[in-house]
Amino acid sequence: MSEIKNITVIGGGTMGNGIAHVFAQNGFDVKLVETKQEFADRAMNTIDKNLSRMVSKEKISEAEKQATLERIQPVLSVSDGVKSADLVIEAVPENYDLKKKIFKEVDEHAPANAILASNTSSISITKLAAVTSRPGKFIGMHFFNPVPVMKLVEVINGLETDSAVTDSIMEISKKLGKEPVPANDFPGFVSNRVLMPMINEAIFCVHEGVAEPEHVDEVMKLGMAHPMGPLRLADFIGLDVCLDILNVLYDGFKDPKYRPCPLLVKMVDAGKLGDKTGEGFFKR
Ligand code: CAA
């Protein structure tokens, strides 16, 4: 495979700006595609803030911060953003129709040898690959929040992903200082197939009156050494995202063990989505 130098990240939200940040910090040129200037500005401000935090902790110098920022170029159109990409990573919201529309456009404008990757946390890589003309060059590259901190990249092979593409994505993940772990394409892959039932069960504990949210979290933090309790983590991930992923598991396996807790559904209906709305199981 030819060397990967130019990266395009589609979407500058929490995951997208984190992905752009780590690639740029490791010397890659990054185009960050957003739909509006204000969203692009917000993404760049977040990256600036996260880099400043690293400067104040003396993990990087001010010069490295500036060089990292200079390697990221915000772009307001998919076709412009991907035209010279070696690797395109999509990090837009978890909505199949949206991702399908974006990948059709990416496939049309990206060079024929470019690898297309999705940061989806649960949507089928095989199904997304099928909307493009290059399913062999399509792969899942699943990062974890906060991207600059978390070591894992879950590398998901679709049904037709070429092994050379998997090797290249494993290698580039290591160049980012990450630890890639391969998985095959089944609902929720490994990460969310294991994580989401735990979060859902924690919500059932509150729903059934087993314990208050802070006590559920204390049990898992103090007894199992989790850095965040499952309900705090659910707020951090977004309760809407948790519900979407549980529905993917439930629909994908047709197994009632993945049914979303009614309390989770009710909180999402009420617009209590966690940190992003200021309230979930806890207030921010
Ligand atoms: N950018 C850069 N650095 C950051 C950062 C960011 N966005 N956020 C935190 N950090 C750094 C801090 O500077 C700090 O660095 P030092 O250790 O050098 O001091 C370190 O991370 C820890 O941060 P804090 O001291 O502020 O807070 P903390 O010790 O409570 O850790 C945490 C915060 C890293 C988020 C920790 O609570 C944690 O690991 N939580 C679990 C996170 C998790 O499970 N993420 C996965 C979610 S699932 C997902 O993303 C995918 C999906 O499919 C749903």
Side-chain angles (χ1 to χ4, degrees), residues 11-26 42-60 64-65 68-69 72 89-95 99 117-125 140-156 176-181 183 185-200 202-203 217-218 220-222 224-249 252 260 264 273-276 280 282 284:
T14 310
M15 299 305 290
N17 73 55
I19 296 168
H21 169 150
V22 292
F23 272 102
Q25 201 187 325
N26 287 282
R42 194 191 301 164
M44 291 307 290
N45 286 339
T46 304
I47 297 169
D48 190 318
K49 199 180 74 199
N50 286 331
L51 287 165
S52 297
R53 184 203 315 238
M54 294 172 129
V55 173
S56 66
K57 299 212 165 177
E58 295 180 357
K59 286 186 171 170
I60 58 169
E64 281 172 287
K65 172 189 154 181
T68 299
L69 287 171
I72 306 175
I89 304 170
E90 164 276 315
V92 304
E94 285 295 274
N95 175 311
K99 288 182 194 280
S118 176
N119 177 58
T120 180
S121 41
S122 63
I123 295 173
S124 165
I125 295 301
M141 201 176 181
H142 186 202
F143 289 83
F144 292 79
N145 187 18
V147 181
V149 180
M150 305 305 279
K151 283 282 172 200
L152 177 64
V153 178
E154 194 176 30
V155 177
I156 303 112
L176 302 178
K178 303 289 184 200
E179 301 205 11
V181 177
D185 185 25
F186 287 92
F189 321 130
V190 174
S191 54
N192 282 315
R193 185 170 179 170
V194 176
L195 176 64
M196 285 302 155
M198 181 190 72
I199 287 178
N200 201 35
I203 301 172
D217 273 13
E218 272 170 21
M220 299 306 287
K221 281 197 292 183
L222 302 175
M224 285 76 180
H226 289 197
M228 281 176 168
L231 299 172
R232 175 74 199 90
L233 182 57
D235 279 357
F236 180 65
I237 293 170
L239 299 190
D240 52 341
V241 176
C242 293
L243 180 58
D244 285 346
I245 298 172
L246 278 161
N247 278 326
V248 167
L249 290 167
L264 174 63
L273 306 184
D275 294 359
K276 66 180 123 181
F282 303 100
R284 283 301 277 166

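Note that this is a predicted model, so its numbers are computed, not measured. One-based numbering, in listed order, for ligands and for the atoms of each.
When distances from atom 20 (C) of ligand 1 to the protein are checked, no heavy atom turns up under 4.0 Å. Under the 4.0 angstrom criterion, atom 33 (C) of ligand 1 counts as lacking any protein heavy-atom contact. The nearest protein heavy atom to atom 29 (O) of ligand 1 is not closer than 4.0 Å. In this structure, atom 9 (C) of ligand 1 has protein heavy atoms in its sub-4.0 angstrom surroundings. Checking atom 24 (P) of ligand 1 against the protein gives no heavy-atom contact under 4.0 Å.
From the protein, the heavy atom lying nearest to atom 26 (O) of ligand 1 is R53 NH1, 4.1 Å. At the shortest separation from atom 46 (C) of ligand 1 among protein heavy atoms lies N145 O, 3.5 Å. Among all protein heavy atoms, the one lying closest to atom 51 (C) of ligand 1 is F144 CD2, 3.5 Å. The protein atom (non-hydrogen) at minimum distance from atom 35 (C) of ligand 1 is P146 CD, 3.7 Å. What sits closest to atom 37 (O) of ligand 1 on the protein, heavy atoms only, is M228 CG, 3.6 Å. Among all non-hydrogen protein atoms, the one lying nearest atom 48 (S) of ligand 1 is I237 CD1, 3.7 Å. Ranking the protein heavy atoms by distance from atom 3 (N) of ligand 1 puts V149 CG2, 3.4 Å first. When only non-hydrogen protein atoms are considered, atom 36 (C) of ligand 1 lies nearest to P227 CB, 4.2 Å.
A donor-acceptor distance shorter than 3.5 angstrom exists from the side chain of D217 to the backbone of R232, with no hydrogens or angles considered. Panel note: side chain E154, backbone V190; a donor-acceptor pair is recorded below 3.5 Å. At distances below 3.5 Å, not a single donor-acceptor pair connects side-chain atoms of K276 with backbone N or O atoms of I237. N26 places a side-chain N or O within 3.5 Å of a backbone atom of V22 that can act as its donor or acceptor partner. At distances below 3.5 Å, not a single donor-acceptor pair connects side-chain atoms of N192 with backbone N or O atoms of S122.
Contact detail for G12 and A43: the closest heavy-atom pair is O-CB, 3.3 Å. Taking all atoms of both residues into account, the shortest heavy-atom contact from P230 to I199 is O-CG1, 3.8 Å. Nearest heavy atom pair, residue S124 against residue D185, reads OG-OD2, 3.1 Å.
Within a 6.0 Å radius of CZ in F186, no more than 12 heavy atoms belonging to other residues, nucleotides or ligands are found.
Residue contact check for ligand 1: K59 places a non-hydrogen atom closer than 4.0 Å to it.
Of all the atoms in ligand 1, the ones that sit under 4.0 Å from a non-hydrogen atom of L233 are 43 (C), 44 (O), 47 (C). Listed by number with element, the atoms of ligand 1 under 4.0 Å from a non-hydrogen atom of H142 are 51 (C), 52 (C), 53 (O).
Counting only N and O atoms by type, the side chains of T68 and Q25 include no donor and acceptor under 3.5 Å apart.
Contact annotation for M150 and ligand 1: only side-chain heavy atoms (C-beta onward) come within less than 4.0 Å of the ligand. Residue-level proximity to ligand 1 for V147 is absent, since no heavy atom of it falls below 4.0 angstrom.
Distance check: S56 OG to L51 CG gives 11.0 Å after rounding to the nearest 0.5 Å.
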